[in-house]
> 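Structure below; questions to follow.
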Amino acid sequence: MKQRTLLSKPKKVETTPELPGYHRVVHDKEHENIFNMIWERVGKELLFDHSIISPFAYFNEGQMELFVNDDWEETGHIFPVVKKFKNMPRYMLYSPVGDLNRIYDTMKYLDKMSNKPVQIIAVNKEFAETYKMDDRFKVSKTGKDYVDNLLVQTEMKGGDYKRLRNHIKKAERTFIQERGGHYERLSPNNVHLAVALFKEWNETQGKKYLRGAVGRDIRLVEHYANRMTDDIVCELVIVDGKAVSCIFSCIFKHDSTQSVAVMAKSLTDYTNVSYMNELHCKKILVEKGVIHENVAGVYGAGTKMSKGKWKPELTRDVFTVTLK
């Protein structure tokens with residue numbers, strides 16, 4: 001009798017004609033073990049890979065869809081394919097696990113259908129070395145992960161934090177004391193305020209950033225609004241009955257002393273409120289025993305400058321793999 005595997009196949013899949021042998025991921029929970037296996041195989045350098053918020057929380061909304069090969073359970077080869085855009089699609093592999101020959105063949109196959117050269121995204125330094133040794137692949141550094149020390153940041157001592165302290169004090173005085181603003185934890189009762197915030201943010205600021213981000217953020221809060229646990233911190237700042245800032249973080253499932261900042265958005269003219277809300281969420285995480293927080297990839301000058309204000313403890317390089 002064949003031994004049962006701990007990895008269970010999804011009960012429902014959505015097939016796609018342009019990717020034979022792949023199915024579209026439609027249920028986070030039923031696919032969670034696929035990514036658990038990936039995390040175990042690719043190394044633990046990229047901290048955000050180990051949060052309780054799986055990558056499925058980011059895809060299948062906005063302009064991205066996620067597919068997984070049908071034979072992952074039988075073969076042990078797991079190739080998550082990210083499809084970006086519909087009319088002129090771009091295909092990317094998300095940290096695939098498997099034989100390099102099959103990864104190469106998969107990239108060649110996807111390259112024929114992709115509007116841009118196929119990439120393997122979210123590759124850590126350890127895994128990048130594997131591709132560097134194979135002359136069929138080209139490896140390039142494409143960004144950084146910031147790792148914050150929350151104990152230092154919540155104390156905000158010294159001259160390095162002087163300007164940030166002033167930003168936060170101004171926000172507290174203006175929006176909390178004078179205008180009666182307050183914090184609210186994400187819930188089914190206020191998730192509509194978070195969605196309205198994201199939609200307005202997209203209209204006023206979205207062109208500066210990844211266009212698919214708002215769709216994924218909406219999916220994130222709608223999915224977790226009635227699934228909030230002690231491991232999730234999602235705080236809204238409400239001013240005059242309107243959400244003006246939303247921060248979403250979660251604690252790693254493999255190490256409760258670490259967390260990941262999944263999303264932070266504030267409306268125009270509420271930048272200081274964003275910093276205030278970030279500090280509020282950092283203090284909540286510290287109370288839960290969290291020491292370090294990963295703030296995910298940095299790919300733009302504006303984002304880098306914003307995250308740099310918090311004086312991160314260290315950064316980790318992120319790599320992308322393409323075909324030569």
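Just the heavy atoms: all of them, side chains too, but no hydrogens, waters or symmetry mates, feed the values below.
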> What is the minimum heavy-atom distance between F127 and P96, and which atoms define it?
CE2-O, 3.5 Å
> Checking the side chain of T174 only, and the main-chain atoms of A171 only, is there a donor and an acceptor separated by less than 3.5 Å?
no
> Considering non-hydrogen atoms only, spot the tightest contact between Q153 and D148 and give its length.
NE2-CG, 3.0 Å
> State, with a plain yes or no, whether a side-chain heavy atom of R316 is found less than 4.5 Å away from one of N124.
no
> Measure across M228 and L186 and return the closest heavy-atom pair with its distance rounded to 0.1 Å.
CG-O, 3.6 Å
> With a 4.5 Å limit on heavy-atom distance, are the side chains of V239 and V273 in contact?
no
> What residues form a side-chain hydrogen bond (donor to acceptor under 3.5 Å, both in side chains) with E200, not counting sequence neighbours?
K242
> Are there more than 12 heavy atoms of other residues, nucleotides or ligands under 6.0 Å from atom CG of N101?
yes
> My understanding is that only residues two or more places apart in sequence, or in another chain, count here; which of them pass side chain to side chain contact (heavy atoms under 4.5 Å, CB included) with K199?
V195, I218
> Within a 6.0 Å radius of atom NZ on K112, are there more than 12 heavy atoms belonging to other residues, nucleotides or ligands?
no
> Hey, could you give me the CZ/CD1 distance between R185 and I232, rounded to the nearest 0.5 Å?
7.5 Å
> Give a yes or no on whether the backbone of S187 and the side-chain of N190 come within a donor-acceptor separation of less than 3.5 Å.
yes
> Answer yes or no: is there a donor N or O on one side and an acceptor on the other, between the side chain of D134 and the main chain of L100, under 3.5 Å?
no
> Look at the side chain of D231 and the backbone N and O of I251, then say whether any donor-acceptor pair between them is shorter than 3.5 Å.
no
> I'd like to check the side chain to side chain contact (heavy atoms under 4.5 Å, CB included) partners of K157; sequence neighbours left out, ordered by chain and number.
E155
> Other residues, nucleotides and ligands only: do more than 12 of their heavy atoms fall within 6.0 Å of NZ on K288?
yes
> With side chains defined as the heavy atoms from C-beta onward, is the minimum distance between E65 and K86 less than 4.5 Å?
yes
> Could you check H292, E293, K282 and say which one makes a side-chain hydrogen bond (donor to acceptor under 3.5 Å, both in side chains) with S259?
E293
> Give the intermediate values and the outcome of side chain to side chain contact (heavy atoms under 4.5 Å, CB included) for residues F137 and M133.
CA-CA 8 Å; F137 301 100; M133 293 186 291; over 6 Å; no
> Where do L110 and L19 land on the side chain to side chain contact (heavy atoms under 4.5 Å, CB included) test, with the steps shown first?
CA-CA 9 Å; L110 294 173; L19 283 178; 3.5 Å; yes
> Give the C-alpha distance, both sets of side-chain angles, the deciding distance and a yes or no for ring-ring contact (aromatic ring centres under 6.0 Å, His included) between Y131 and F319.
CA-CA 11 Å; Y131 292 101; F319 298 86; over 10 Å; no
> Judged by atom type as modelled, is there a donor-acceptor pair below 3.5 Å linking the side chain of S245 to the main-chain atoms of V237?
no
> With respect to V123, which candidate in V318, T130, L93, V321 satisfies the side chain to side chain contact (heavy atoms under 4.5 Å, CB included) definition?
V321
> Quick one: pull up OH in Y94 and CE in M92 and give me the separation to the nearest 0.5 Å.
11.5 Å
> Among residues at least two apart in sequence or on other chains, which ones pass salt bridge (charged side-chain N to carboxylate O under 4.0 Å, His left out) with R179?
D240
> Taking atom CD1 of I168 and atom CG of L279, what is their separation to the nearest 0.5 Å?
4.5 Å
> From Y91 OH over to M113 CE, what is the distance, rounded to the nearest 0.5 angstrom?
5.0 Å
> Can you give me the closest heavy-atom contact between C234 and C246, atom names plus distance?
SG-SG, 3.8 Å
> Counting only heavy atoms not in R136, do more than 12 fall under 6.0 Å of its CZ?
yes
> Is it true that a side-chain atom of Y161 and a backbone atom of W310 form a donor plus acceptor pair closer than 3.5 Å?
yes
> When clusters are formed from ILVMFWY side-chain contacts under 4.5 Å, directly or step by step, what else is grouped with I238?
L193, L236
> Keeping the roles fixed (side chain from H77, backbone from D99), state whether a donor-acceptor pair exists under 3.5 Å.
yes
> Identify whether Y275 and I247 are in the same connected component of the hydrophobic contact network (ILVMFWY, side-chain heavy atoms under 4.5 Å).
no
> Taking side-chain hydrogen bond (donor to acceptor under 3.5 Å, both in side chains) as the test, write out the residues that go with D255, two or more places apart.
T257, Q258
> Kindly indicate whether the side chain of M276, heavy atoms from C-beta on, has any atom under 4.5 Å from the side chain of I176.
yes
> If you apply the rule side chain to side chain contact (heavy atoms under 4.5 Å, CB included), what do you find for F79 with Y22, and how did you get there?
CA-CA 9 Å; F79 300 147; Y22 283 78; 3.8 Å; yes
> So Q119 and T142, do their side chains get closer than 4.5 Å, heavy atoms only?
no
> What I'd like to find out is whether the side chain of V118 reaches to under 4.5 Å of the side chain of Y109, using heavy atoms alone.
no
> Rounded to the nearest 0.5 Å, how far does CG of L66 lie from CZ of R24?
9.0 Å
> Might you point out which heavy atoms bring K311 and D160 nearest each other, and give the distance in Å?
CE-O, 3.5 Å
> Any ion pair linking E129 and K132 (charged N to carboxylate O, less than 4.0 Å)?
yes
> Please round to the nearest 0.5 Å and tell me the distance separating atom NE2 of H167 and atom CD of E278.
12.0 Å
> Under 3.5 Å, is there a donor-acceptor pair between the side chain of N277 and the main chain of E235?
yes
> May I ask you to test the V147-P312 pair for a side-chain heavy-atom distance under 4.5 Å?
no
> Decide side chain to side chain contact (heavy atoms under 4.5 Å, CB included) for F248 and L220; before the verdict, give the C-alpha distance in whole Å, the side-chain angles of both, and the deciding distance to 0.1 Å.
CA-CA 9 Å; F248 198 117; L220 190 72; 3.7 Å; yes
> Taking side chain as C-beta onward, heavy atoms only, is K309 less than 4.5 Å from R163?
no
> Ignoring hydrogens, what is the shortest heavy-atom contact between N226 and P188? Give both atom names and the distance.
CB-CG, 3.8 Å
